[in-house]
Each structure stands twice: as structure tokens, then as C-alpha cells.
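One structure is given below, encoded as C-alpha cells.
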Amino acid sequence: MESFRFSMPTQIIFGKDTERQTGAETAKIGKRVLFHYGSGSIRKSGLYDRVVESLKSAGVEYVELGGVQPNPRLSLVQEGIRLCREQKLDAVLAVGGGSVIDSAKAIAVGVPYTGDVWDFYTGKAVPSQIIPVGVVLTIPAAGSEASKSSVISREEGNFKLALDIDLIKPAFAIMNPELTYTLPPYQTACGAADIMAHIMERYFTNVKNVELTDRLCEATLKTVIRNVPIVLRDPANYDARAEIMWAGTVAHNDLLSTGRVGDWASHMLEHEISALYDVAHGAGLAVVFPAWMKYTYKHDVQRFVQFAVRVWGVEENFADPEETALEGIRRLEQFLSGIGLPVRMEELPVPTDRLEEMAERAVAKGSIGSFLPLAKSEAASIYKLAVKA
Ligand code: NZQ
Ligand code: ZN
């Protein structure tokens, strides 16, 4: 096991009706806040009204900025920064999914910074100050409610880049599984694929003797695998929604990274797909991850055997470990496909004539991944594996 530092500063407020506490929690981080949300799901569900009522009864003043799109855009972040400065707002309340939260985090680091907030995403500057961010989560997926990441898309040049720093972890996250009943099946499935990807990125590591986190990863994966089909059949199943929602946070708050080094190449490869073609991140991952596995499993067949046996219940073929490893990858693909996700590039659908360019962009800052570092040609091979069976 590697040495590590782990902190989990985000206060989690989990359970039925917890959104009623939004005002009281927000009052602890700001007096005048930016109320940031997406494209309308919170109005349809009635959550908007409950949040407003809660803010008012706690005496929190707010200025609204809705309209965050999936794959959140830099231009709206810049508008949010301008609003916060003009209106002297001292915190950001994100009500929505990963896109809203990531946009809120970007605004929050941008407000005290005199330069262009995009500098933090290109690595030109490192943020040292932030105004606090609070969250009401509506979709278990990105794990942004307790993660150190924010992923923003810049329209000009179709760039999608991440900022990763502990400073941007939200102060609190209100998580009521009932808020996820309104999710369309496709969004539920995309969220599940992202949660699973966050765990698998950490699972495929070269670090030895990481038994506890291996088993935590396996348990979290199995929880998602068992409960997603339940909510697809029965969207208002509280217990199953709750398991998935908590799994989404545990998958990405870095507990499962403790003592080990994750890979993250699949995320880098996916970000090029959603940057160019604006597809849902989870759907892109469902296509990329199995292809990445097929390309890399020979690097450590035994780890893939463990994944197949412990996560998918594959019977181990001791005479032919590769066969067991490949069966685990097949089961993953079958699961993703069974919950309604694409597992091939052409199902996304995205054109397949820019694979070399995508590979080049994915490795623009150098090789990606740590389990098996990938240069451009390997990245292109994985995209090609993702095109056909
Ligand atoms: O905009 P609204 O109307 O709210 O609709 C959203 C959106 O269309 C809808 N939705 C959310 N909650 C709902 C709902 N519809 C009905 N009922 C509800 N309760 O779902 C759609 C997707 O929302 P989005 O926020 O985009 O989803 P997600 O949480 O998957 O976030 C995706 C973004 O997060 C980034 C991704 O790259 C992508 O840009 N990621 C962020 C990470 C992080 N910050 O740690 C890590 C991830 O790896 C990921 O890269
Ligand atoms: Zn992700």
C-alpha cells in the first residue's frame, strides 16, 4: 500500500426531505448566494420551489443563474463569476447534477481570481482561494458532490478539461434519494456507468497489497450492479435509489483511492468524445471502458481474473486465466448494454473518422493512464477497439 493523505471535508446530509435543510445549511456558508441550476428538471419536479422556500425561511438572499447544460460551458461560468462580483455574492449553491456542481465550483474559484478562470483548467495557474460551494444533488453519477474535480467545456476549440484540487470540495451535499425518482432511465444508466467507471479507474492499479480498497471497490461495484436493474423496473424504489446515490459518492470521494494509484486513461479518452460530440459522459464511458480493458488486460491478467470472479461471479478457469479475464469484460459489456447503454462507438452515435485526431488530443499533455501508460498510437488502438466487437 502507498502512503496517503485523505480528507473528506464535505458534510453529507442524506435522506428523505433533506432538501428542506438547504436554507439552514446554506446560511452557514453565505449570506448572499448564487443559486445555480440546470435546464429545467428542478422546476418540473418541484424541487426549485422547495429550495426557494427553504432559502427564504433561513433568511438567505440569492441571485439565480440557471441554464447549465450537460458538459457545462465556460461561457456560463464566466457569466456566473461576473454576477457574483457585481452582486457581491459570497457562496454558490448548486442544485442539480455533476454539470451544475462543476460549473458552481468553477465559478467559486473564479470569483477571487483576477485572471481567466480557464487558466486553472489548462494548468497555467493553481487556485488558492475559493468562495464556498453547497450542493443539493439530483443525480448519482459524477460524484462531484464530494470530489476534488470540476470538468468544464470551452466552446472555442471544443476543449473539455478538468481541474483537480482538494480546495474545491463542496462544504455540504444534501442528498435525498427521492429526488432521483424523476430521472429518465437513460440518465439513470449513464450515471451508473460513470459510478462504475470511477471505481474501475481505481481498481486497475499496479500497486500491490491493497486488499481493503480492492474489496471496498468490489462491494461498491456489486451494490450498483444489483440495484440499477431494480430502479429501472421500479423508479420510485427508495432503498435501491439510496444505495446507488451513496455508492456514487463513495465511488469518487477518494476513499477508494487510499493507498493506491488509479489509472484514469478511460476518462481522458472519454472526455475527447464528449468534448467533440457532446454525448453524455456515462454513455461515452460505457463505450470506452470495455475497449480499454480488452487492450490492457494482458498487462495484469490476474487482476482481471479477480475482477471477473469477485465482481461478476465468473467461475475461474485455472487452466486458462485469460479466458476468465475476458469473460469478466464480456459480463461488464452485457450489463451496460442490458441497462440500455451503447457499448460501441457507432451506437453513440459518433462518426469514426476522427479517431486519430481524438487520440492526439487525448495525449496532448503527454501519455495517459498509469496501469498501462498510453501514447497516441495506443489511444488510437483503443478507440478502434471501441468501434467494432
Ligand atoms: O439540466 P437539468 O434540467 O437538471 O437536466 C439534467 C441533465 O439533462 C438531468 N437531470 C439531473 N437530475 C435530474 C435530471 N432529470 C430528471 N430528474 C432529475 N432528478 O440529467 C441530465 C444530466 O445531468 P448532468 O449534471 O450533466 O449529469 P452528471 O451528474 O452525469 O454530470 C456530468 C458531468 O460531470 C462531469 C462529466 O464530464 C460531465 O460534464 N464529471 C465530473 C466529475 C467530477 N466533478 O468529479 C467526474 C466525472 O468523471 C465527470 O467527468
Ligand atoms: Zn466520470
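We use all heavy atoms of the structure for the numbers below, so side chains are in, but hydrogens, waters and symmetry mates are not. In each ligand, atom 1 is the first atom listed, and ligand 1 is the first ligand listed.
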Tell me: protein heavy atom nearest [atom], and distance?
atom: atom 17 (N) of ligand 1; value: T182 OG1, 2.8 Å
atom: atom 4 (O) of ligand 1; value: S41 OG, 2.7 Å
atom: atom 28 (P) of ligand 1; value: G98 N, 3.6 Å
atom: atom 13 (C) of ligand 1; value: L183 CD2, 3.4 Å
atom: atom 12 (N) of ligand 1; value: T138 OG1, 2.8 Å
atom: atom 30 (O) of ligand 1; value: A141 CB, 3.4 Å
atom: atom 44 (N) of ligand 1; value: D102 OD1, 2.6 Å
atom: atom 1 (O) of ligand 1; value: S39 N, 2.8 Å

So, for atom 9 (C) of ligand 1, does the protein have a heavy atom nearer than 4.0 Å?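 No.
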Protein heavy-atom contact under 4.0 Å for atom 6 (C) of ligand 1?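 When distances to the protein are checked, atom 6 (C) of ligand 1 has no heavy atom within 4.0 Å.
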No-hydrogen, no-angle side-chain donor-acceptor test under 3.5 Å, [X] and [Y]:
X: D102; Y: S144; result: yes
X: E25; Y: Q11; result: no
X: S75; Y: E155; result: yes
X: R330; Y: Q334; result: no

[X] heavy atoms, cut-off 4.0 Å: which ligand 1 atoms fall inside?
X: H267; value: 48 (O)
X: V151; value: 40 (N), 41 (C), 50 (O)
X: N71; value: 38 (C), 39 (O)
X: G38; value: 1 (O)

Whether [X] and [Y] hold their rings parallel, tilted or perpendicular, with breakpoints at 30° and 60°:
X: F335; Y: W312; value: tilted
X: W292; Y: F371; value: tilted
X: Y113; Y: F120; value: tilted
X: Y37; Y: Y48; value: perpendicular
X: F307; Y: Y203; value: tilted

Can you tell whether the side chains of [X] and [Y] come within less than 4.0 Å, N to carboxylate O?
X: E333; Y: K294; answer: yes
X: R344; Y: E347; answer: no
X: K169; Y: E145; answer: no
X: E272; Y: K160; answer: no
X: E218; Y: K222; answer: no
X: D90; Y: K31; answer: no

Does some non-hydrogen atom of G40 fall short of 4.0 Å from ligand 1? yes
Heavy-atom contact check, 4.0 Å cutoff: does E270 meet ligand 1?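 E270: no contact with ligand 1 (<4.0 Å).
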Below a 4.0 angstrom heavy-atom separation, can you tell me which part of [X], side chain or backbone, both or neither, approaches ligand 1?
X: S147; result: side chain
X: K160; result: side chain
X: Q69; result: neither
X: A142; result: both
X: L179; result: backbone
X: K148; result: neither

Environment of the Zn ion (ligand 2) in terms of protein N/O/S atoms, cut-off under 2.8 Å: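 Protein N/O/S atoms under 2.8 Å of the Zn ion (ligand 2): D194 OD1, H198 NE2, H267 NE2, H281 NE2.
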Please name the residue in the list D214, D254, D263 that meets the salt bridge (charged side-chain N to carboxylate O under 4.0 Å, His left out) test with R202. D254
Contact between I42 and T138 at the side-chain level, heavy atoms closer than 4.5 Å - yes or no? yes
Does some side-chain heavy atom of L93 sit less than 4.5 Å from a side-chain heavy atom of V95?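 Answer yes - side chains close enough.
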Between [options], which one has a non-hydrogen atom sitting closest to [atom]?
atom: atom 25 (O) of ligand 1; options: S103, A146, S99; result: S99
atom: atom 48 (O) of ligand 1; options: H198, E201, E178; result: H198
atom: atom 50 (O) of ligand 1; options: Q187, H271, E145; result: H271

Taking the six-membered ring of F172 (Phe, Tyr or Trp), confirm whether the NZ or CZ of K28 is under 6.0 Å from its centre and within 45° of its axis.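 Judged by the rule, K28 and F172 form no cation-pi pair.
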Could an N or O of ligand 1 be found under 3.5 Å from any N or O of T180, whether backbone or side chain?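 N/O-N/O distance under 3.5 Å: no.
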Test your reading of the structure: does P72 have an N or O sitting under 3.5 Å from an N or O of ligand 1? no
